[in-house]
2 protein chains.
Amino acid sequence: MNPIEELRYLILAAQREGSRTFTELLKPLGLTTSQSEVLRVLYDHEPLSLIEVGQLLVCETGSPSRLVGRMVEAGLIEQRQSPVDSRKVQLSLTEKGRDSAIKIKDIENHFYGTLTPILEGRPVKDLIELLWIQVKGKPTGKALALRKAKQGESSNA
Amino acid sequence: MNPIEELRYLILAAQREGSRTFTELLKPLGLTTSQSEVLRVLYDHEPLSLIEVGQLLVCETGSPSRLVGRMVEAGLIEQRQSPVDSRKVQLSLTEKGRDSAIKIKDIENHFYGTLTPILEGRPVKDLIELLWIQVKGKPTGKALALRKAKQGESSNA
DNA sequence: CTAAAATCAATGACATATCATTGATTACAC
DNA sequence: GTGTAATCAATGATATGTCATTGATTTTAG
C-alpha cells in the first residue's frame with residue numbers, strides 16, 4: 001500500500017479510535033467529545049459569541065449553532081444577547097458547565113497520561129511539525145493556532 | 001499546550017482538512033468520501049456481504065447498512081441475497097459503480113501526488129508506526145490490516 | 001432432532017458535520 | 001444620512017457515525 005494512502009487511513013483510524021476511547025471516558029459526565037471541546041474553550045476564553053466559539057473549535061468549522069443550542073438546553077451554557085451588538089450572542093458557562101469543564105480537564109489529563117509511555121522516545125516534535133504543515137492556514141489549523149496564542153493571555157487557560 | 005494534547009487536536013484537524021480537500025476532489029463524481037471508500041473496497045474485494053464490507057472500512061465500524069443502502073439507490077451497488085446464507089446479502093458493483101471506482105483511483109493518485117513533495121524528507125515512517133500503535137487490535141486498525149493483507153490475494157487490488 | 005445461542009441486516013434514536021439560505025442587525029461608502 | 005455590503009445566528013437539507021434493538025436465519029450443543 002502507498003505510504004501516503006496508509007497515512008491517510010491511519011489518521012482517520014487514529015482519530016476514530018482516540019475519539020472512541022475519549023467518549024468512553026466522558027460517559028460518566030454525559031457529554032460528547034464535541035461538547036467537551038466547547039466547554040473547555042468557554043472555560044478558557046468566556047465570554048464568547050457563537051462565531052468566536054466556532055473559530056476556536058477544531059471539531060466543527062462554521063458556527064456551531066446546534067451544538068451550542070443543545071448545551072444551552074442541557075443547562076451547561078448561558079446565552080444572552082450581546083449588549084454592544086444585538087446580532088451577537090454572549091455565551092458563558094453556567095455553574096454546571098464550569099463544574100463539568102473542570103472534570104473534563106481531569107479526564108483529559110488522565111487520558112494524556114495513559115498515552116505518555118507509548119509516545120516515550122518517539123519524535124513527537126517532528127510529528128507535530130508534520131501535521132501542522134497539513135493544517136496551517138486552514139480553518140481547523142487557525143482554530144488551534146488561536147487557542148495556542150490565547151493561552152498566555154487568558155486568566156483561566 | 002501539552003504536546004500530547006496538541007497531537008490529539010492535530011490528528012483531528014489533519015483528518016478534517018484532508019477530508020475536506022478530498023471531498024472537493026470527489027465533487028465532480030457526486031460522491032462522498034465514505035462512499036468512495038466503499039466503492040474502492042468493493043472494487044478490490046467484491047462480492048462481499050454487508051458485514052464484510054464493514055470489517056474492511058475505516059470510515060465506519062459496524063455494519064454500514066444505510067451507507068450502502070444509499071449507494072444501492074444511487075445505482076452504484078447491486079444487492080442480492082446470498083445463495084448460501086439467506087441472512088447475508090451479496091454486494092457487488094454495477095457498471096456505474098465500477099466506472100466510479102476507477103475514477104476514484106485516479107483522483108486518489110492525484111491527491112497522493114500533491115502530498116508527496118510536502119512529505120519529502122519528513123519522518124512519515126515514524127508517524128505511520130506511531131499511529132499503528134494507536135489503532136492496532138481496534139476495529140479500524142483491523143480493517144486496515146485486513147485490507148493490507150488482502151492486497152496480494154485479490155485479482156483487482 | 002430441537003432448543004438455545006450466535007449471526008446478520010435493518011432500523012430507531014441521537015449527535016454530529018457540512019453547505020446553503022434566510023432574516024435581522026451593523027458597518028461602510030458616498 | 002442613506003443605500004449597499006458585510007456580519008451574525010438560526011435553520012433546512014443531506015450524509016455521516018455510533019449504539020441499541022429487532023426479527024429472520026443459521027449454528028451448535030445435547
Side-chain angles (χ1 to χ4, degrees), chain A residues 12-13 15-24 26-27 29-38 47-55 57-74 76-77 79-91 138-140 143, chain B residues 12-13 15-24 26-27 29-38 47-55 57-74 76-77 79-91 138-140 143:
Chain A
L12 176 55
Q15 191 278 313
R16 288 281 206 280
E17 298 301 346
S19 170
R20 224 183 303 283
T21 301
F22 195 58
T23 296
E24 202 57 37
L26 286 176
K27 216 160 216 176
L29 301 188
L31 297 170
T32 67
T33 55
S34 296
Q35 290 171 349
S36 79
E37 194 183 354
V38 172
L48 293 172
S49 70
L50 195 53
I51 214 170
E52 287 166 337
V53 171
Q55 284 165 348
L57 289 179
V58 177
C59 71
E60 190 169 341
T61 59
S63 96
S65 298
R66 278 177 275 242
L67 174 55
V68 167
R70 267 185 296 272
M71 296 175 73
V72 171
E73 281 178 28
L76 296 162
I77 296 178
Q79 172 173 7
R80 73 188 76 172
Q81 204 171 65
S82 164
V84 279
D85 186 338
S86 30
R87 288 170 305 182
K88 294 190 183 180
V89 294
Q90 285 275 350
L91 302 171
K138 298 184 176 178
T140 58
Chain B
L12 175 55
Q15 191 277 313
R16 287 282 206 281
E17 298 301 347
S19 171
R20 223 184 303 282
T21 301
F22 194 59
T23 297
E24 201 57 37
L26 286 176
K27 217 160 216 176
L29 301 188
L31 297 170
T32 67
T33 55
S34 295
Q35 291 171 347
S36 79
E37 193 183 353
V38 173
L48 294 171
S49 71
L50 195 54
I51 214 169
E52 287 166 338
V53 170
Q55 283 166 349
L57 289 180
V58 177
C59 71
E60 190 168 341
T61 59
S63 94
S65 297
R66 277 176 276 242
L67 174 55
V68 167
R70 269 187 295 271
M71 296 175 73
V72 170
E73 280 178 28
L76 295 162
I77 295 177
Q79 173 172 8
R80 74 187 74 173
Q81 203 170 68
S82 163
V84 279
D85 187 337
S86 32
R87 288 171 306 182
K88 294 190 184 182
V89 295
Q90 283 276 351
L91 302 171
K138 299 184 176 176
T140 58

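Atom set for the values below is all heavy atoms of this structure, side chains included, hydrogens, waters and symmetry mates excluded. The shown structure was predicted, so the numbers you read here are calculated from the model rather than taken from an experiment. Order of the sequence lines sets the chain letters (A, B, ...), proteins ahead of strands, with each chain counted from 1.
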Q90(B) vs M71(A), nearer the 5' end of DNA chain C by closest nucleotide = Q90(B)
task = With heavy atoms under 4.0 Å as the rule, sort Q81(B) into base, sugar-phosphate or nothing.
result = nothing
message = Please report the distance, rounded to the nearest Å, between CG in L67(A) and C1' in dA9(D).
response = 14 Å
query = Any luck finding a side-chain donor-acceptor pair between S65(B) and S63(B) under 3.5 Å?
reply = yes
ask   = What is the distance, rounded to the nearest whole Å, between atom CD of E17(B) and atom P of dA17(C)?
value = 14 Å
task = With the side chain of R70(A) defined as its heavy atoms from C-beta on, choose the nearest nucleotide among dA15(C), dG17(D), dT18(C).
result = dA15(C)
request  = Please state whether the base of dG17(D) and the side chain of R20(A) form at least one donor-acceptor pair under 3.5 Å?
outcome  = no
message = Restricting to non-hydrogen atoms, name the atom on L26(B) and the atom on T32(B) that form the minimum distance, rounded to 0.1 Å.
response = CD1-O, 3.6 Å
Between dC14(C) (P) and R66(B) (CZ): distance, integer Å = 13 Å
query = Looking for any heavy atom pair under 4.0 Å, which part of the strands does R16(A) touch: base, sugar-phosphate only, or nothing?
reply = sugar-phosphate
query = Less than 4.5 Å apart, any side-chain heavy atom of S82(B) and any of V89(B)?
reply = no
key: Selected nucleotide, minimal atom distance to S65(B) side chain, candidates dT16(C), dT11(C), dT18(D)   = dT11(C)
query = Want to settle it: does V84(B) or T33(B) sit nearer the 5' end of DNA chain D, counting the closest nucleotide to each?
reply = T33(B)
request  = Decide, yes or no, whether a salt bridge links R20(A) with E17(A) under the criterion of side-chain N to carboxylate O below 4.0 Å.
outcome  = yes
key: Residue whose closest nucleotide on DNA chain C lies nearer the 5' end, Q35(A) versus K27(B)   = Q35(A)
query = Within a strict 4.5 Å, meaning less than it, do heavy atoms of the L91(B) and V38(B) side chains meet?
reply = no
key: Approximate separation, where rounding is to 0.5 Å, of S49(A) OG and D85(A) CG   = 9.0 Å
Please tabulate, one pair per line, each protein N/O and nucleotide N/O from nucleotides 1-8 of chain D that are separated by under 3.5 Å, including the distance.
unit_1: dT7(D); atom_1: O2; unit_2: R87(A); atom_2: NH1; d: 3.0

note = Between NZ of K138(B) and P of dT18(D) the distance, given in whole Å, is 13 Å
remark   = Rounded to whole Å, the CZ-P distance (R80(B) to dA9(C)) equals 15 Å
task = Describe the nucleic acid contact of T32(B) in one word from base, sugar-phosphate, nothing, applying a heavy-atom distance below 4.0 Å.
result = sugar-phosphate
ask   = So, do L50(A) and K88(A) sit near enough that their side-chain heavy atoms are less than 4.5 Å apart?
value = no
request  = Classify the nucleic acid contact of E52(A) as base, sugar-phosphate or nothing, counting any heavy atom under 4.0 Å across all strands shown.
outcome  = nothing
message = Over all strands shown, is T61(B) touching base, sugar-phosphate only, or nothing at heavy-atom distances under 4.0 angstrom?
response = sugar-phosphate
note = Separation of dT18(C) atom P from Q15(B) atom CD, nearest Å, is 9 Å
ask   = Reckon S86(B) has a side-chain N or O less than 4.0 Å from the OP1 or OP2 of dA24(D)?
value = no
